[in-house]
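Down below is the structure, laid out as structure tokens.
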Amino acid sequence: LKSHILHRGALARADTSQATRSAMAVCGMGSAARSRRARLGGGLVRAAVLAGSVAAAWAWECSTDVALGPTRSTSKKGIALDDSTWRGCASKIPSAWPNDGEPVKSLRLFRSWDKAWPEGDRMESWKALVKFTHDNGAKIFVGTQITCSEEDDERDWAWTKELMQMLGREHIMGVSIGNELELLASKKGSSETCATELWEGGRLWRDFQSRVEELGALGLQDVPITSVFTGTGLGSGDTMQFMEIPGEALVHTFIGQATKKYGSRFVFAFNFYPYFDPNLRFDENATGQCAAALSIATCFNSSSCLVNSGVTLARAKAQSIANGRPQVWIGETGWSSPASSTLDTEMSHCEAWSSQSTLEKVYDNFLSWDLDRSSAPDHAFYFTARDSWNFGNLEHFGLIDSCLDPRCKVRSEHYKGRPLAWLSLVWLALSACAGLGAVCLICAGAASARRVRAKALLNIDAEAGAASA
């Protein structure tokens with residue numbers, strides 16, 4: 001933002017002469033008045049123009065003293081929007097990648113709203129999201145839920161349609177109908193028959209087709225569609241078949257139906273979390289140490305990296321069931337620091353696993369990940385903007401701690417934030433006042449000049465009259 005402000009300031013200085021001339025023209029100021037007011041008026045107009053430029057460029061970013069990046073493939077990366085930000089501070093969606101400053105061009109939205117959240121806050125959050133997308137030229141990967149409650153799903157779908165109409169076609173990247181449904185059978189509170197009805201009973205496929213048809217009625221007939229699964233949904237690496245376990249999830253059957261009916265419009269989307277990988281172990285002969293696990297869990301630049309190997313397997317299976325080169329997206333990937341309360345693997349006993357330095361490493365590697373390579377996913381979302389709750393459990397995957405903390409999570413130990421941040425607002429206010437004062441002074445100067453000129457003409461006329469008498 002600082003460099004952008006400086007750039008805008010340079011443009012403002014370049015335009016000062018034109019701005020001054022325009023103000024003078026409005027006031028009808030002559031050359032004599034211009035010579036008297038140019039120094040003061042020009043300086044004040046410069047302040048006013050610069051203040052306007054800064055205000056136009058102002059957008060929310062977290063503050064930090066640690067620089068990462070640079071971010072590569074920015075058009076193919078986005079941030080997943082957590083519930084804390086979406087419900088509590090949608091006006092503080094990061095406009096730039098934390099610790100780097102490159103603009104955020106896409107967001108993943110898991111739901112349009114939640115019935116447990118205050119209804120009165122819904123439209124305010126929606127308007128904030130619409131403003132973000134329009135101000136930043138961003139696109140939204142919109143999500144709508146599929147759960148064990150059809151009534152809740154219908155309410156959510158109605159909200160989703162309303163929000164998409166507010167966003168506009170040009171700001172909708174794709175639509176996900178359901179998220180991680182292969183885990184539904186194991187989730188707390190899920191009924192014994194829910195997964196069976198969803199998969200064997202065909203409710204997922206019926207609802208999926210119904211919602212896609214309604215997208216067409218909204219003018220979104222060409223928007224990419226998907227249902228996002230986890231790495232578990234990929235199934236075994238020994239076969240080209242996706243997960244297919246009766247009573248749990250029939251992912252392969254569903255994907256086969258979707259690709260057959262919708263072709264390349266259907267996107268293969270998966271959430272990859274090496275952080276939770278249950279197969280990772282401590283280093284040999286070094287209890288509590290996990291350097292080997294960290295080396296493959298935190299990287300994105302090699303086929304041996306866990307995320308990369310997941311993408312490779314996803315693309316291979318996608319090409320085995322679909323024609324051409326289907327789109328493969330990462331719906332979520334990220335790292336928790338401090339440790340997530342849901343981490344129950346051996347790595348929960350490795351101190352380095354959930355450390356601040358490891359989070360910094362993972363995030364920096366994600367920023368520098370080159371998604372223009374043929375082996376890379378076509379798009380990837382980092383999870384998430386802020387720490388948030390997940391099914392009643394607090395997780396710390398955020399790049400920012402909370403809505404109340406303006407600092408980026410990746411920062412030095414003693415960093416306290418921008419000093420006297422309120423002075424920036426005071427400066428803007430004073431600059432704006434100075435701009436108004438400049439116009440007043442310029443116009444006052446113009447009026448004064450006209451009075452002097454008029455008086456001079458009267459004196460000349462009087463002298464001429466006396467001479468002729």
Side-chain angles (χ1 to χ4, degrees), residues 1-7 57-82 84-85 89-108 132 135-138 272-275 294 297-301 305 307 330 332-340 352-371 376 379-388 395-419 421 424:
L1 179 60
K2 180 180 178 182
S3 62
H4 184 58
I5 289 174
L6 293 174
H7 174 64
W58 197 268
W60 198 91
E61 295 181 33
C62 59
S63 66
T64 183
D65 58 346
V66 174
L68 302 178
T71 304
R72 304 183 68 175
S73 311
T74 54
S75 64
K76 296 182 177 182
K77 292 177 183 175
I79 295 178
L81 199 60
D82 56 279
S84 295
T85 301
C89 55
S91 62
K92 295 181 180 179
I93 298 173
S95 62
W97 285 94
N99 303 89
D100 177 47
E102 284 295 318
V104 174
K105 305 305 293 183
S106 61
L107 296 173
R108 183 183 176 194
F132 175 90
D135 290 349
N136 295 277
F272 292 122
Y273 281 104
Y275 181 81
L294 283 169
T298 60
C299 60
F300 296 89
N301 61 353
C305 301
V307 170
I330 293 182
E332 306 169 40
T333 191
W335 205 266
S336 180
S337 180
S340 170
W353 190 255
S354 299
S355 67
Q356 175 85 0
S357 60
T358 299
L359 168 64
E360 179 178 333
K361 181 178 181 180
V362 171
Y363 177 52
D364 194 25
N365 287 342
F366 178 87
L367 292 178
S368 60
W369 190 13
D370 183 5
L371 298 189
H379 207 94
F381 289 93
Y382 190 90
F383 185 87
T384 181
R386 289 177 173 84
D387 291 353
S388 190
E395 294 184 332
H396 301 278
F397 285 84
L399 296 171
I400 306 161
D401 286 316
S402 71
C403 288
L404 299 178
D405 195 338
R407 300 170 300 172
C408 305
K409 187 183 285 186
V410 177
R411 59 183 186 267
S412 66
E413 182 180 355
H414 302 292
Y415 179 71
K416 301 301 182 183
R418 294 189 184 102
S424 298

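Sequence positions, counted from 1, serve as the residue numbers for this chain.
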Checklist entry - Glu61 and Ser95: side-chain contact (heavy atoms from CB on, under 4.5 Å), yes or no, with the steps? => result CA-CA 6 Å; Glu61 295 181 33; Ser95 62; 3.6 Å; yes
Checklist entry - When you look at Asp387 and Asp82, which way does the side-chain contact (heavy atoms from CB on, under 4.5 Å) test go after all the steps? => result CA-CA 7 Å; Asp387 291 353; Asp82 56 279; over 6 Å; no
Item to check | Test side-chain contact (heavy atoms from CB on, under 4.5 Å) applied to Arg411 and Cys62, step by step | outcome: CA-CA 10 Å; Arg411 59 183 186 267; Cys62 59; over 6 Å; no
Item to check | From CA spacing to verdict: side-chain contact (heavy atoms from CB on, under 4.5 Å), Cys408, Leu399 | outcome: CA-CA 6 Å; Cys408 305; Leu399 296 171; over 6 Å; no
Item to check | From CA spacing to verdict: side chain to side chain donor-acceptor pair (under 3.5 Å), Ser402, Asp405 | outcome: CA-CA 5 Å; Ser402 71; Asp405 195 338; 5.5 Å; no
Checklist entry - Checking side chain to side chain donor-acceptor pair (under 3.5 Å) for the pair Ser412/Asp65: CA distance, chi angles, key distance, verdict? => result CA-CA 7 Å; Ser412 66; Asp65 58 346; 2.3 Å; yes
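In this structure, Asn99 contributes its side chain and Ala67 its backbone to no donor-acceptor pair below 3.5 Å. For the pair Ser337 (side chain) and Ser354 (backbone), a donor-acceptor distance under 3.5 Å is present. With hydrogens and angles ignored, the 3.5 Å screen pairs no side-chain donor or acceptor of Lys409 with any backbone N or O of Glu360. When atom types are taken as modelled, the side chain of Lys92 and the backbone of Thr85 share no donor-acceptor pair closer than 3.5 angstrom. Here the side chain of Asn365 pairs a donor or acceptor atom with the backbone of Thr298 at under 3.5 angstrom. Using modelled atom types, no side-chain atom of Ser73 and backbone atom of Asp370 make a donor-acceptor pair closer than 3.5 Å.
Atom OG of Ser336 sits about 9.5 Å away from atom CZ of Phe383, to the nearest 0.5 Å. Here CZ of Arg72 is found 9.5 Å from CG of Leu371. Values are rounded to the nearest 0.5 Å. One distance of note links CG of Asp100 with CG of Asp364; it measures 9.0 Å at 0.5 Å rounding. Note that OG1 of Thr384 and CZ of Arg386 are 9.0 Å apart. Values are rounded to the nearest 0.5 Å.
Here the closest non-hydrogen pair linking Val410 and Leu68 is CG1-CD1, 4.1 Å. For Ser84 against Cys403, the heavy-atom pair with the smallest separation is O-SG, 3.6 Å. Residues Ala352 and Leu294 approach most closely at CB-CD1, 4.0 Å, considering heavy atoms. Contact between Pro406 and Trp60 at its shortest, heavy atoms only, is CA-CZ2, 4.1 Å. Summarising the geometry of Arg407 relative to Ile400, their closest heavy-atom pair is O-CG2, 3.5 Å, with the distance given to 0.1 Å. Contact between Val307 and Pro274 at its shortest, heavy atoms only, is CG2-CG, 3.6 Å.
At a threshold of 4.5 Å between non-hydrogen side-chain atoms, the residues Ile93 and Leu81 count as touching. In this structure the side chain of Ser106 never reaches within 4.5 angstrom of the side chain of Lys77, judged on heavy atoms.
With sequence neighbours excluded, the residues satisfying side-chain contact (heavy atoms from CB on, under 4.5 Å) with Thr74 are Thr71, Glu102.
Exactly one of Phe300, Trp369, Phe366 qualifies for a ring-ring contact (aromatic ring centres under 6.0 Å, His included) with Tyr382. That residue is Phe366.
A centroid separation of less than 6.0 Å is found between the aromatic rings of Tyr273 and Phe397.
Aromatic ring pairs are classed by plane angle as parallel below 30°, tilted from 30° to 60° and perpendicular above 60°; the pair Tyr275 and Trp335 is perpendicular.
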